[in-house]
Amino acid sequence: VVAIAPGSFAEPVDGTAAAAPLVAAGVALLGAREMREGRPSLGFVNPWLYQQRYKAIRDITVGNNAVFNSACCYASKGYDQASGIGSPNFAKLAKRVQQPR
């Protein structure tokens, strides 16, 4: 439950509206750490993230993207339209990004 002050412009979000900026921020923080440590840029991370999906990304296997009791996509094992490759574990990704790419 999120309490919002009257007259505030903020409102609670979930789903892609919350997940996309959260993942982008996590990847940006990983990239900033790499630069601060003098290591190469992460570059285009999509292929690398897909390589990490069984090592540092939690597969979402239950749920759907229902809005107003209508869902087009359901989570299942592996890649699916509802949750993509899953939910990144940034602590594990941070350890793996230091390994040779």
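Every value quoted in this text rests on a predicted model; they were computed, and no experiment measured them.
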Output the distance between atom OH (Y50) and atom CD1 (I57), rounded to the nearest 0.5 Å.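 These two atoms lie 9.0 Å from each other.
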
D80: side-chain hydrogen bond (donor to acceptor under 3.5 Å, both in side chains) partners, not counting sequence neighbours: S83

With the side chain counted from C-beta on, respond yes when V97 and R33 share a heavy-atom pair under 4.5 Å apart, and no when they do not. yes

Non-hydrogen side-chain atoms of R96 and W48 separated by less than 4.5 Å: yes

Taking all non-hydrogen atoms of both residues into account, name the closest pair between E34 and P40 and its distance.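 Distance-wise, the nearest heavy atoms are CB-O, 3.9 Å.
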
Do you know the tightest heavy-atom contact between R53 and Y79? NH1-CB, 4.3 Å

Compile the donor-acceptor pairs under 3.5 Å between side chains in residues 84-93 and protein atoms, sequence neighbours left out, one pair per line.
| unit_1 | atom_1 | unit_2 | atom_2 | d |
| --- | --- | --- | --- | --- |
| N89 | OD1 | A91 | N | 3.1 |
| N89 | OD1 | K92 | N | 3.1 |

Should we say atom CZ of R58 is surrounded by more than 12 heavy atoms from elsewhere, each under 6.0 Å from it? no

Between N65 and C72, is there a donor-acceptor pair closer than 3.5 Å when you use the side chain of the first and the backbone of the second? yes

